[in-house]
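All values derive from a computational prediction rather than experimental measurement. Sequence lines set the chain letters: A, B, ... in the order given, protein chains first and strands last, and positions in each chain run from 1.
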There are 2 protein chains.
Amino acid sequence: MPFLENIEYDHLLEEFKSVLRKNSLKFTKQRETILKTLYNFPGHFLPEEFYNLIKKNEPNSNIGIATIYRTLNLLEESEIVTALSFGKNGKKYELANKPHHDHIICKNCGLILEFEDKSIEKRQKEIAQQNGFELTNHIMQLYGICPKCKRKKIGI
Amino acid sequence: MPFLENIEYDHLLEEFKSVLRKNSLKFTKQRETILKTLYNFPGHFLPEEFYNLIKKNEPNSNIGIATIYRTLNLLEESEIVTALSFGKNGKKYELANKPHHDHIICKNCGLILEFEDKSIEKRQKEIAQQNGFELTNHIMQLYGICPKCKRKKIGI
DNA sequence: AAAATATTGATACATTTTATCATTTTTTTA
DNA sequence: TAAAAAAATGATAAAATGTATCAATATTTT
């Protein structure tokens, strides 16, 4: 049970519990399993991928797909997970407790890299202000061809 | 028939025809109507909104919704239109023949403003290079609360 | 421990997008 | 320019994705 000794995870768990309390929601086995899985599997998952991941790794949990959708929505609203939406697919979810970052995505193989850039963030804030907006968050995705696919000379 | 004398539109049309020729596709009334509508109605439309717009403005065209989807996908692949995807809705389409720009979106009322920023574009290119990517395009969407909604003090 | 409240899984339903296919339109060919 | 070839169309079935419903169950409050 490495989780019980993991400060980072414990912190996350407390944050989630706090959100639940504030909204008079309940802390359930399913919600805990979902959070734990998000923590243990860094990456970007569609709800369905997530569902399968949990079925495989927590065979006894028996979580319904509806609960996956419900919980991911809840976690997104609480800003504990971030949703990425691109391409033909629906939204992909990832834990938001890491420092903010954006994504570079390979149009050929779907590889996703993460990066962050303070100078861009700063400009974004300025631009929002210039337009009278109060900036809450942003999405930035760079698309291109990754080194591997470039070598393979695969066009799009 | 102002289109016949409109250089900008003619150019767009030629571009479209060129894409069609290259792919052994055919230039049809429906495809022309869709391109024309995109040109005449700047904005960001869902396929369904687009469908209704055409039904209203070109009552004789009688285009099926499937053709709207098919043509928007084709135009997107050809980079003649750009698709924006955010929130719970599907993709919104707009003509891509204007200078590149990004979007600020109000989380409350859905208002979309456009902007461009050369310094961000430059950084993006650098970041892609640092990661070995060949950058082809990007999406950047800033989210926040627009001035009007701020005044109304409507939270999210 | 009982009552109150919220959650769950299963699944029906809704919505959005794509696939199918007979018919029509466009383009090519001779 | 008419016939043949190729592709597109509209209608609609089917798939894909996400949400709502509801009886049963779990959690929290009292």
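- Between the CD atom of B:E32 and the P atom of D:dA7 there is a distance of 21 Å, rounded to whole Å.
- Proximity of B:N73 to the phosphate of C:dT18: a side-chain N or O atom is located under 4.0 Å from OP1 or OP2.
- B:Y69 has no side-chain polar atom (N or O) that falls below the 4.0 Å cut-off from OP1 or OP2 of C:dT18.
- B:T67 is linked by a side-chain hydrogen bond (donor to acceptor under 3.5 Å, both in side chains) to B:R70, counting only residues two or more places apart in sequence or in another chain.
- A:Y51 places its OH atom 11 Å from the P atom of C:dT11, with the value rounded to the nearest Å.
- Looking only at distances, a side-chain donor or acceptor of B:E49 sits under 3.5 Å from a matching main-chain atom of B:L46.
- Under the salt bridge (charged side-chain N to carboxylate O under 4.0 Å, His left out) criterion, A:E58 pairs with A:K36, sequence neighbours left out.
- Separating the CZ atom of B:R31 from the P atom of C:dT27 is a distance of 10 Å, rounded to the nearest angstrom.
- Residues that satisfy the side-chain contact (heavy atoms from CB on, under 4.5 Å) test with B:Y69, not counting sequence neighbours, are B:P47, B:I65.
- For the residue pair B:E94/B:H44, the side-chain donor-acceptor check at 3.5 Å is satisfied.
- The side-chain contact (heavy atoms from CB on, under 4.5 Å) search around B:R31 returns B:F16, B:L20, B:L25, B:T28, B:T71, B:L74, not counting sequence neighbours.
- Residues satisfying the side-chain contact (heavy atoms from CB on, under 4.5 Å) test with B:S18, not counting sequence neighbours, are B:R21, B:K22.
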Tell me which donor-acceptor pairs under 3.5 Å the side chains of residues 119-133 of chain B have, and how far apart each pair is, sequence neighbours excluded?
residue: B:S119; atom: OG; partner: B:D117; partner atom: OD1; Å: 2.6
residue: B:E121; atom: OE2; partner: B:H100; partner atom: NE2; Å: 3.4
residue: B:R123; atom: NE; partner: A:D117; partner atom: OD2; Å: 2.9
residue: B:R123; atom: NH1; partner: B:E126; partner atom: OE1; Å: 2.5
residue: B:R123; atom: NH2; partner: A:D117; partner atom: OD2; Å: 2.2
residue: B:Q124; atom: OE1; partner: B:H138; partner atom: ND1; Å: 3.1
residue: B:N131; atom: ND2; partner: B:I127; partner atom: O; Å: 2.8

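- For DNA chain C, none of the residues of residues 52-60 of chain B falls under the heavy-atom distance limit of 4.0 Å.
- Straight-line distance from the CG atom of B:L74 to the P atom of C:dT17: 17 Å, rounded to whole Å.
- By the salt bridge (charged side-chain N to carboxylate O under 4.0 Å, His left out) test, A:K56 is found to be paired with no residue, residues two or more places apart in sequence or in another chain being considered.
- Mapping B:I63 and B:S24 onto DNA chain D by nearest heavy atom places B:S24 at the nucleotide closer to the 5' end.
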Worksheet item: How would nucleotides 20-30 of chain D be written as a contact map, 5' to 3', with B for base contact, S for sugar-phosphate-only contact and - for no contact, using protein heavy atoms under 4.0 Å?
Response: BB-----BS--
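- Contacts of A:E76 classified as salt bridge (charged side-chain N to carboxylate O under 4.0 Å, His left out), with partners at least two apart in sequence or in another chain: A:K91.
- Rounded to the nearest 0.5 angstrom, B:T82 OG1 and B:L75 CG are separated by 10.5 Å.
- In this structure, A:F50 places its CZ atom 14 Å from P of D:dG18, rounding to the nearest Å.
- With hydrogens and angles disregarded, no donor-acceptor distance shorter than 3.5 Å links the side chain of A:S78 to the backbone of A:V19.
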Please write out each protein N/O paired with an N/O of nucleotides 28-30 of chain C under 3.5 Å, distance rounded to 0.1 Å.
none

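- Applying side-chain contact (heavy atoms from CB on, under 4.5 Å) to B:Q30 and the options B:I63, B:L35, B:I68 leaves one that passes, B:I63.
- The end-to-end axis angle of the helix from C:dA1-D:dT30 to C:dA30-D:dT1, rounded to 10 degrees and based on five pairs per end, is 40°.
- Between the P atom of D:dA16 and the CG atom of A:L46 lies a distance of 14 Å, rounded to the nearest Å.
- What separates CG of B:N62 from P of D:dT12 is a distance of 12 Å, to the nearest Å.
- Taking the ring centre of A:F27 as origin, the terminal cationic atom of A:K17 falls inside the region bounded by 6.0 Å and 45° from the ring axis.
- One can place CD1 of A:I68 at 16 Å from P of D:dT17, the figure rounded to the nearest angstrom.
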